Amino acid sequence: MASLRIAHLSDLHVLRDYHGSMLDREPLRQPVPPVEYFLTGLREAVASKPDLIVLTGDLVHEGTVEDYQYLRQLIERERCGIPVIPVLGNHDLKACFYRGYLGEEQSGRYNRKYEWNGYRFLVLDTSTERNGCGSITDEQVAWLAEELQTPAPQGTILLGHHPLESQQAWFHTDYPAALADVLKNSDVFVYLCGHAHYAETRTVLGIQQITAESFAFGVETVSPTEVIYTETRGYNTCWIDGTTVIVHPHQVFPFHPQICRIPF
Ligand SMILES: [Fe+2]
């Protein structure tokens with residue numbers, strides 16, 4: 001049976017310089033910027049030698065072409081040859097991502113297909129720039145239906161930014177009713193996402209949905225009209241064994257959390 005180890009990192013919110021950004025203003029100003037937490041998490045993830053790394057959106061926090069070039073340089077410097085799959089979030093500016101990260105002159109939603117070791121990865125761009133709520137269009141559902149017509153040897157892993165459903169009350173995701181049928185009649189077995197800054201696992205439309213933490217801050221809904229921001233930051237390791245998904249959440253600190261290393 002095929003197996004795969006995925007480092008699932010989300011909501012990096014990288015900038016070269018945070019001065020003047022939302023993340024530099026009260027109440028979100030922090031002594032250690034998100035990029036430092038991201039680098040700590042990325043180095044830790046790379047050291048564990050995953051088969052691939054997925055980044056499920058909010059790569060850059062409303063930055064420029066140069067911020068995406070900076071992010072790409074950081075990733076190329078740290079990834080040790082491990083493939084990295086990017087996904088766009090609502091704080092990503094699409095044209096800047098295309099130019100800075102990919103070196104292409106495009107804009108619009110970023111949907112892509114990859115294959116790895118018998119598994120198919122479908123990247124679905126669920127984001128509208130600067131809009132906290134997610135959306136999946138009829139055209140995207142038609143694209144999914146076409147891509148999923150032929151099953152992949154080991155099954156399909158869906159990647160996007162917004163959870164389809166969430167315990168967080170401060171956003172929602174709109175999608176056509178037809179998405180349920182497309183997923184039900186497909187080999188998609190898991191959806192990896194972010195956005196909520198709140199780790200969560202649930203079943204939605206018959207597939208397992210796994211939401212990773214952020215590297216910027218945690219968010220928790222404490223009442224229908226109130227959220228709290230927390231010092232919670234982290235990422236997931238996902239072991240895929242056939243279509244079974246085992247998830248280990250990692251917390252990330254502004255220092256390496258290892259106490260000691262003991263052979264046995
Ligand atoms: Fe985010």
Side-chain angles (χ1 to χ4, degrees), residues 7-18 20-30 32-42 45 53-64 67-68 70-71 74-75 84-94 96-97 100-101 109-110 123-136 159-174 191-201 209-222 227-236 249-252 254:
H8 175 197
L9 285 64
S10 197
D11 295 75
L12 294 44
H13 293 269
V14 165
L15 285 173
R16 289 168 302 154
D17 182 354
Y18 287 88
S21 74
M22 182 186 96
L23 299 170
D24 184 46
R25 291 194 291 272
E26 297 299 343
L28 292 177
R29 179 181 287 142
Q30 303 160 46
V32 179
V35 65
E36 295 299 328
Y37 287 98
F38 167 60
L39 279 172
T40 301
L42 180 63
I53 297 167
V54 302
L55 308 172
T56 54
D58 286 356
L59 309 174
V60 162
H61 188 90
E62 296 170 18
T64 61
D67 286 306
Y68 283 97
Y70 171 64
L71 173 63
L74 292 181
I75 290 171
V84 175
I85 300 180
V87 178
L88 292 191
N90 51 297
H91 289 293
D92 288 300
L93 304 184
K94 299 181 197 297
C96 294
F97 165 77
Y101 193 94
R109 294 208 180 199
Y110 180 74
V123 171
L124 195 62
D125 186 347
T126 59
S127 300
T128 305
E129 291 177 5
R130 296 188 172 99
N131 181 346
C133 291
S135 68
I136 298 170
L159 305 174
H161 182 59
H162 294 81
L164 299 174
E165 307 287 343
S166 174
Q167 287 300 96
Q168 299 284 41
W170 49 273
F171 73 91
H172 67 273
T173 301
D174 294 318
Y191 175 47
L192 304 183
C193 58
H195 185 60
H197 293 214
Y198 179 78
E200 188 192 277
T201 301
Q209 173 186 276
I210 297 162
T211 308
E213 294 278 5
S214 161
F215 291 98
F217 47 81
V219 186
E220 294 180 24
T221 300
V222 291
V227 296
I228 56 171
Y229 290 83
T230 71
E231 296 284 358
T232 309
R233 301 172 184 88
Y235 68 97
N236 288 339
H250 303 256
Q251 295 178 61
V252 175

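Heads up: numbering here begins at 1 and tracks the sequence. Each ligand, and each atom within it, is numbered from 1 in the order the structure gives. No hydrogens, no waters, no symmetry mates; every other heavy atom, side chains included, goes into these values. All values reported here derive from a predicted model rather than from experimental measurement.
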>> Given a threshold of 2.8 Å, state how many protein N/O/S atoms are nearer than that to the Fe ion (ligand 1).
In response: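 My tally for this metal is 4.
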> Under the 6.0 Å and 45° cation-pi test, does R233 pair with Y37?
Replying inline: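 Yes - R233 lies over the ring of Y37, closer than 6.0 Å to its centre and within 45° of its axis.
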>> Are H13 and H197, when compared by the centres of their aromatic rings, separated by less than 6.0 Å?
In response: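 They qualify: ring centres under 6.0 Å apart.
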> Going by atom types alone, do R109 and S135 pair a side-chain donor with an acceptor below 3.5 Å?
Replying inline: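 Looking only at side-chain atoms, S135 and R109 do form a donor-acceptor pair, the distance falling under 3.5 Å.
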> With a cut-off of 6.0 Å (strictly less than), are more than 12 heavy atoms of other residues, nucleotides or ligands near OH of Y198?
Replying inline: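 No.
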>> So, applying side-chain hydrogen bond (donor to acceptor under 3.5 Å, both in side chains) with H161, which one of N90, T56, T126 is it?
In response: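 Filter result, single survivor: N90.
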> What class does the angle between the rings of F38 and F215 fall in, given that below 30° is parallel, 30 to 60° is tilted and above 60° is perpendicular?
Replying inline: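 Aromatic pair F38/F215 classed perpendicular.
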